[in-house]
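Quantities reported herein were computed from a predicted structural model and do not represent experimental measurements.
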Amino acid sequence: MNVLGYNREIQLLIGDIQLNRGKNPGAVIKACDKLLEIGKNIKDDALIGYAYFSMGETYYLLNDASNFYSHMLSCMGPMEHVKEWGYVAMANNMLGIVSLNRGNAPFALDYYIKAISICEDYSLPDIEWMIHMNLGSLYLNIEEYQKSISHTEIAHRYLLEHTDIDNYIENMTATLLGMGRAYLKLDMQDNYLEVEKRLRLDCIPFLQEMDKIVIYCFFARVHRAIGENEARDYWIDMVNKNASTSMPILDVFDDFYDYLHMLLSIEKYDDFFAAYTILDDLTKHTSIKNLERKLLTLKIRYYRKVKQIEEYKISSVLYFELSEFMERENRLMVSNMVVMRNSYMELTQINRKVEEKNTFLQKRSETDPLTGMYNRLKLNEYSEDVFKKTLATKTSIAVEILDIDFFKQFNDNYGHQSGDDCIKCIANVLLKLSADDNIFAARYGGDEFVIIYEGLTYEMVEAKANELRDLVYEAKIEHLFSLTDNRVTISQGICYGMPTSGDTMFSYLQQADKMLYEVKQESRNAIKICNADEAKK
């Protein structure tokens with residue numbers, strides 16, 4: 001979104017949103033409300049979409065599911081309409097994360113796949129890698145470990161090639177841990193030991209102590225898997241010393257959950273309860289019921305193992321209540337998904353109609369109505385682009401101008417309708433010639449046409465020009481008033497060269513026009529070619 005295109009009031013509001021993002025939710029919501037009001041008043045979808053997205057993002061950080069869904073879904077239509085595909089991809093990504101955290105993997109997968117599709121269609125690799133990392137987490141949660149590894153590896157490769165991105169070490173740690181957890185599940189010892197090595201060398205030295213806790217959890221599980229109990233206990237002790245209620249819950253939950261599962265299985269009950277209490281406090285603070293329910297399953301298993309029957313019964317009732325709450329939450333997600341899909345389908349139909357109309361209007365504005373050829377507008381656009389391309393790639397270009405010999409006499413004697421038919425006949429010959437990818441043809445005006453040859457040798461251009469002259473001659477369009485022949489012929493002027501800095505398409509066109517003038521002075525039904533370098537002298 002081009003912020004500089006707006007007035008100062010709007011720029012200040014957007015500045016407030018960006019300044020307070022992730023720091024002051026109240027200030028962000030207040031600025032978004034004002035921006036949304038302005039956007040609706042002036043019917044600006046970019047502002048409307050941005051306001052809804054920023055509010056949705058804020059509610060996401062606040063773990064407010066209801067407001068998150070309504071605002072993030074509301075941003076989709078406006079952002080798609082103004083083709084802000086990066087925001088659309090990020091919105092789908094966040095919807096996927098929230099859906100997964102709330103226990104609905106199918107919805108999460110749907111959102112992630114849509115986000116990946118957008119990134120692929122509009123070349124957004126800087127967003128796509130994050131979605132692959134999240135897809136890796138999703139597949140890990142549903143025990144599709146090979147798929148988890150495949151997606152996480154895509155994110156890992158991207159990070160290896162982009163070491164300058166923000167929070168590089170933290171993101172690299174997350175991808176390594178994602179692959180490491182899957183390798184542990186698949187008992188791929190060489191692989192998870194390699195991950196442990198990479199975490200030791202590439203991540204731990206550069207992380208804050210708080211960010212190392214999930215690595216300690218992983219290390220404890222690795223050494224338990226290979227039977228090194230002394231090392232396992234060392235890392236358990238490190239977790240006990242550093243775990244706290246200030247940990248970012250969504251960043252640590254899955255790693256901590258697997259760690260707690262290990263403690264329970266090896267009957268380290270004191271360590272289990274110490275870590276469980278911390279994670280339980282963090283989970284309740286988020287109000288994400290799916291995480292509470294998932295964590296509660298470990299406590300239920302613990303009570304069953306140690307035969308604390310009353311506690312087991314109480315926890316089981318709580319589990320049932322949480323499950324009922326999640327059913328209501330899932331109904332909210334289903335409702336929002338249906339609304340989103342209906343809106344998306346309607347918007348897709350509208351966009352398709354708009355694009356079809358725009359394509360039609362664009363084609364009409366670039367096309368000569370008489371011949372169906374490109375017109376001067378398209379010629380100007382194409383010629384500048386191809387000239388820059390040949391200049392950059394150091395390839396040749398040739399510009400030809402041709403006109404119909406004694407066309408005024410043809411028009412005066414055969415009538416304007418026959419004159420139009422004659423022009424259309426020449427145009428058809430040119431259209432066939434320009435079927436070649438390296439040849440572009442356009443009607444320049446009246447009975448004049450321009451041809452641009454890209455990347456052809458001098459001899460090839462000369463051969464194509466002769467072929468064109470012969471095709472027109474062989475069409476045998478009667479012209480008894482020509483001073484050259486009794487049929488329609490053409491004269492051609494061409495400038496050929498290898499563009500260098502300082503050259504312009506206009507200079508080539510001028511030289512071609514000069515060649516056409518000279519050939520018409522000397523004879524007709526003929527071709528004259530000059531070399532651009534020689535023409536400069």
Side-chain angles (χ1 to χ4, degrees), residues 18-25 57-58 60-63 93-94 97 101 126 129-130 132-134 136-137 140 152 155-156 158-184 192-224 231-260 262-263 271-272 274-286 288 291 295:
Q18 294 174 344
L19 180 67
N20 291 296
R21 175 171 278 123
K23 301 172 187 174
N24 188 338
E57 183 184 48
T58 302
Y60 167 84
L61 295 172
L62 292 171
N63 293 304
N93 184 43
M94 280 188 277
I97 293 169
N101 285 338
D126 54 324
W129 74 269
M130 291 186 284
H132 279 293
M133 187 163 68
N134 292 331
S137 297
L140 194 60
T152 310
H156 184 240
Y158 180 89
L159 288 172
L160 289 173
E161 295 168 3
H162 298 82
T163 57
D164 58 338
I165 69 168
D166 292 340
N167 302 314
Y168 170 77
I169 295 297
E170 291 80 1
N171 286 314
M172 179 57 74
T173 301
T175 57
L176 287 170
L177 284 171
M179 289 188 290
R181 289 173 61 214
Y183 292 142
L184 275 169
Y192 63 68
L193 288 177
E194 177 61 24
V195 168
E196 183 195 30
K197 179 182 175 183
R198 294 268 62 83
L199 287 166
R200 285 179 186 272
L201 297 176
D202 300 340
C203 300
I204 282 184
F206 309 101
L207 290 170
Q208 301 285 336
E209 201 61 42
M210 184 68 66
D211 297 324
K212 298 176 186 177
I213 295 170
V214 285
I215 298 179
Y216 299 157
C217 291
F218 175 71
F219 285 178
R221 294 179 62 217
V222 165
H223 288 284
R224 186 253 175 154
R232 176 202 68 192
D233 292 344
Y234 169 81
W235 293 114
I236 290 173
D237 187 51
M238 290 294 288
V239 174
N240 290 339
K241 288 178 180 177
N242 292 283
S244 76
T245 53
S246 60
M247 295 184 299
I249 177 63
L250 294 180
D251 292 342
V252 305
F253 184 88
D254 288 336
D255 300 275
F256 238 86
Y257 182 86
D258 286 345
Y259 169 73
L260 285 169
M262 178 202 72
L263 293 176
D271 296 312
F272 169 81
Y276 182 95
T277 301
I278 292 171
L279 194 60
D280 190 37
D281 287 344
L282 284 168
T283 304
K284 286 176 179 174
H285 181 70
T286 68
I288 301 176
L291 299 186
L295 189 58

*Do the side chains of Arg198 and Cys203 get nearer than 4.5 Å, heavy atoms only?*
no
*Taking the side chain as every heavy atom from C-beta outward, state whether Leu260 and Leu295 have any atom pair closer than 4.5 Å.*
yes
*asked:* Does Arg200 qualify as a cation-pi partner of Phe219, given the criterion of NZ or CZ under 6.0 Å from the six-membered ring centre and within 45 degrees of its axis?
replied: yes
*Within-4.5 Å side-chain heavy-atom neighbours: Leu263 and Ile236*: yes
*What pair of heavy atoms forms the shortest contact from Met262 to Ala220, and how long is it?*
SD-O, 3.7 Å
*Is Leu199 close to Leu177 at the side-chain level, that is, under 4.5 Å between some pair of heavy atoms?*
yes
*To the nearest 0.5 Å, tell me how far Arg232 CZ sits from Asp237 CG.*
12.5 Å
*Would you indicate whether the side-chain heavy atoms of Asp255 and Phe218 approach each other to under 4.5 Å?*
no
*asked:* The test is ring pair (Phe, Tyr, Trp, His ring centres under 6.0 Å); show your working for Phe256 and Tyr259 and say whether it passes.
replied: CA-CA 5 Å; Phe256 238 86; Tyr259 169 73; 5.8 Å; yes
*Shortest non-hydrogen separation from Ile165 to Trp129 and the atoms involved*: CD1-CZ2, 3.7 Å
*What's the spacing between Leu282 CG and Leu291 CG if we round to 0.5 Å?*
10.5 Å
_Atom pair CE (Met130) and CG (Asn93), whose distance is rounded to the nearest 0.5 Å_ = 6.5 Å
*About how many Å separate CD of Gln208 and CD of Glu170, when rounded to the nearest 0.5 Å?*
8.5 Å
*Grab the two heavy atoms, one from His132 and one from Ala155, that are nearest each other, plus how far apart they are.*
CB-N, 4.4 Å
_Shortest non-hydrogen contact between Lys212 and Ile204, atoms and distance_ = CE-O, 3.2 Å
*Starting at CZ of Phe272, measure out to OG1 of Thr277 and round the result to the nearest 0.5 Å.*
9.0 Å
*asked:* Restricting to non-hydrogen atoms, name the atom on Tyr168 and the atom on Leu159 that form the minimum distance, rounded to 0.1 Å.
replied: CE1-O, 3.1 Å
*Would you say the side-chain atoms of Asn171 pair up with the backbone N or O of Asn167, donor to acceptor, closer than 3.5 Å?*
yes
_Between His156 and Leu160, is there a side-chain heavy-atom distance shorter than 4.5 Å?_
yes
*Could you give the distance from CG (Asp202) to CD1 (Ile169), rounded to the nearest 0.5 Å?*
7.5 Å
*Hey, mind stepping through Asn134 and Ile97 against side chain to side chain contact (heavy atoms under 4.5 Å, CB included) and telling me if it holds?*
CA-CA 7 Å; Asn134 292 331; Ile97 293 169; 3.6 Å; yes
*If only atom types and distance count, is the side chain of Asn242 paired as donor or acceptor with the main-chain N or O of Met238 below 3.5 Å?*
yes
_Contact between Ile215 and Leu176 at the side-chain level, heavy atoms closer than 4.5 Å - yes or no?_
no
_I need the minimum non-hydrogen distance between Leu279 and Tyr257, along with the two atoms involved._
CD2-N, 4.3 Å
*Does atom CD of Glu209 have more than 12 heavy-atom neighbours from other groups under 6.0 Å away?*
yes
*Side-chain contact, heavy-atom cut-off 4.5 Å: Val252 with Ile213?*
no
